[in-house]
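Structure first, then comments.
Because the structure is predicted, anything quoted here is derived from the model rather than measured. Just follow the structure's listing: the first ligand is 1, and inside any ligand the first atom is 1.
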Amino acid sequence: EPARAWSGRLATVRPTDVLVREPEDPGDHRRFFHRLVTFERHPNVLPQARARAEAGLAEAELLFAHGADGVLTDASWFPYTPEALMERVERIYWDKLVDPYEPLTEIPSRDEVVFEQSTYALGSLIDGTWAHRIGNLGRRGRRSDDLLFSIYADEMGRGDMAKNHITIIHKVLASMDMDLPHIRQEAFLHQGDLPDHLYGFSIHQVCLSLFPDSLYNEILGYNLGIEMFGLGAMRLHEIQKLRRHGLDVSYEEAHLSIDNFSAGHARQSAEIVVAYLDEVLRGSGEEAVQREWRRIWRGYASFAYFVEHALVKRVRAAGAAAEPVAAPADTPADLVI
Ligand SMILES: [Fe+2]
Ligand SMILES: [Fe+2]
């Protein structure tokens, strides 16, 4: 009885030296990013992360209707069968990533190449993040869990620091005289090498990654998008440009190899989706498969959304002309990754 009384009193008392307040508006991308990557020190960032992830996924559904026009992705909607998914990823690989490849005949100046690399760098500095909580306690019930964790382990170099993709990108950036602090350090808030307006891509990814249970499907789809992005013409062009100026190509080369479409991360990512939905089919039936699939494909679209910034801009402009609606705040339409 006294314990209950004490408990009741403690629950109602308002300590004068504790300030409780709502988290600030995450409008400042640098600060929001900092809180996300140090979320144990900023636990009140979680509701904002959740809201941001949900908003990003909802916005990306725009590409269900228009995604076929993507340059490097095709997020247009299709009903799932394992064969239909494999057909789609084959088409993206050949039609969008590989067949358009032609070697560059003109190489931009060193400054332009370095600037372009700086626009990709933040995304590279969080390489693997989308899956970083996939090995959570008790999470080994499905084949897709092991398969996705295996990709994450590769991203981290499987214990070999020299092969850790974050180590590799730091080495590459150092070859361009960019010596960035670790993303979790306060000093990263004030880094002067990476452009401000490109944080949205990384913020979306970290937000998704913080919810490996409730946004599991979305992470599987996002994983497919990002692993296919390591391939084809864009990477080959980057290698050509970096080589010409004597800059480090190891990050690009590592991805062409480890993400390869025959058996590497890109192929594995499609197989993860098939493995997961196969278990859903056996456990819950076809209707559940289509429901779960929709969430997976939203995850893919939410990756494509950032890559296809020009397409998103066009679709928005056409929509705005047809019916004047305000674009959602923080539209990362000018984002390049
Ligand atoms: Fe990687
Ligand atoms: Fe990868």
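- Cluster partners of Met161: none. The rule joins Ile, Leu, Val, Met, Phe, Trp and Tyr whenever side-chain heavy atoms lie under 4.5 Å apart, and it links nothing here.
- Using a 4.0 Å cut-off between charged side-chain N and carboxylate O, Arg282 and Glu279 make no salt bridge.
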Ser150/Arg158 under side chain to side chain donor-acceptor pair (under 3.5 Å): CA gap, chis, key distance, verdict: CA-CA 9 Å; Ser150 165; Arg158 293 206 174 242; 2.8 Å; yes
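- Because its NZ or CZ atom is both nearer than 6.0 Å to the ring centre of Tyr216 and within 45° of the ring axis, Arg142 counts as a cation-pi partner of that residue.
- Within a 6.0 Å sphere centred on CG of Asp179, other residues, nucleotides and ligands contribute 12 heavy atoms or fewer.
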Test log, rule side chain to side chain donor-acceptor pair (under 3.5 Å), inputs Asp111 and Ser109: CA-CA 5 Å; Asp111 281 354; Ser109 71; 5.5 Å; no
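- For Glu227, the N, O or S atom closest to the Fe ion (ligand 2) goes by the atom name OE1.
- Protein N/O/S atoms nearer than 2.8 Å to the Fe ion (ligand 1) total 4.
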